[in-house]
Amino acid sequence: MNILLLNGSPRTNGNTSALSQAFAEEARSNGHQISLQPIGRMDIRGCKNCDACRKTLTGNCIQKDDMQKVLPLMAECEMLVIASPIYYFSLAGQIHCAIERMYSFERLPKLKKAALFLTAGGSGFTSAIQTYQEAIIHHMRAEDMGIIKAVGSQAKTKEKQEEVRRIARSL
Ligand SMILES: Cc1cc2nc3c(=O)[nH]c(=O)nc-3n(C[C@H](O)[C@H](O)[C@H](O)COP(=O)(O)O)c2cc1C
């Protein structure tokens, strides 16, 4: 399976990266291809609703930022993993911008499965889960393979990493 993982954290060795790397390692060792994109360290802007993309709906956004690299990966992915820290009770802003930019597709053409990994200092998962369920599971019609939530340093524990590894083994 061709997997695209969008990591919304700017921290290379942070909690979201720990979950992302454990998942990627397990996915690769189970024969899947995975591309990890550090969305939180990229230049990604929100949708401008210029509608230039709506003529073809093939991911042809006219904005020249780092989404030019991510959109072709979205067009090919069979599984999308959203990995994000909770920022102010929601998904990290750049992850939200990347989700908005999916507007340049009607739906991701090869997408079949999805998963959500969230990390937080304490609380505030509700809005991020709702966005994932409505935008990715219902609108994009992906099968939900699991939602993993980690609080504080939990993301770096074997137990929590085993939860994301289990998803990778179930694909
Ligand atoms: C701008 C900002 C906003 C945050 N808002 C919340 C929040 O609303 N709720 C919460 O529990 N933690 C919040 N946190 C803490 C992060 O979600 C938490 O430290 C997370 O694990 C960081 O992930 P990372 O290590 O992958 O970067 C916030 C952190 C930052 C920098």
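One-based numbering, in listed order, for ligands and for the atoms of each.
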Visitor: Is atom CD of E106 surrounded by more than 12 heavy atoms (other residues, nucleotides or ligands) closer than 6.0 Å?
Guide: yes

Visitor: Among all protein heavy atoms, pick the one closest to atom 19 (O) of ligand 1 and tell me residue, atom and distance.
Guide: G121 N, 4.3 Å

Visitor: Of the choices T119, V151, T16, which has the non-hydrogen atom that lies closest to atom 20 (C) of ligand 1?
Guide: T119

Visitor: Start with the C-alpha gap between I34 and H32, add the side-chain angles, then the distance that decides, and say whether side chain to side chain contact (heavy atoms under 4.5 Å, CB included) holds.
Guide: CA-CA 6 Å; I34 179 162; H32 301 290; 5.8 Å; no

Visitor: Would you find more than 12 non-hydrogen atoms of other residues, nucleotides or ligands less than 6.0 Å from R141 atom CZ?
Guide: no

Visitor: For G124 and ligand 1, answer yes if some heavy atom of the residue is under 4.0 Å from a ligand atom, otherwise no.
Guide: no

Visitor: Give a yes or no on whether D43 atom CG has more than 12 heavy-atom contacts from other residues, nucleotides or ligands under 6.0 Å away.
Guide: yes

Visitor: Going by the atom numbers of ligand 1, which of them fall below 4.0 Å from some non-hydrogen atom of Y88?
Guide: 1 (C), 3 (C), 4 (C), 5 (N), 6 (C), 7 (C), 8 (O)

Visitor: Are any of the N or O atoms of I86 closer than 3.5 Å to those of ligand 1?
Guide: yes

Visitor: Could an N or O of ligand 1 be found under 3.5 Å from any N or O of G122, whether backbone or side chain?
Guide: yes

Visitor: Does K149 come within less than 4.0 Å of E163, counting only side-chain N to carboxylate O?
Guide: no

Visitor: Heavy-atom contacts with G14 under 4.0 Å: which atoms of ligand 1 show up? List them by number with element.
Guide: 25 (O), 26 (O)

Visitor: Taking NZ, NE, NH1 and NH2 as the nitrogens, is one of them in R45 or E100 under 4.0 Å from a carboxylate oxygen of the other?
Guide: no

Visitor: Salt bridge or not between E143 and K113? Use side-chain N to carboxylate O under 4.0 Å.
Guide: yes

Visitor: Would S17 count as a polar contact of ligand 1, with the cut-off being nitrogen or oxygen pairs under 3.5 Å?
Guide: no

Visitor: Atom 27 (O) of ligand 1: which protein heavy atom is closest, and how many Å away?
Guide: S9 OG, 2.6 Å

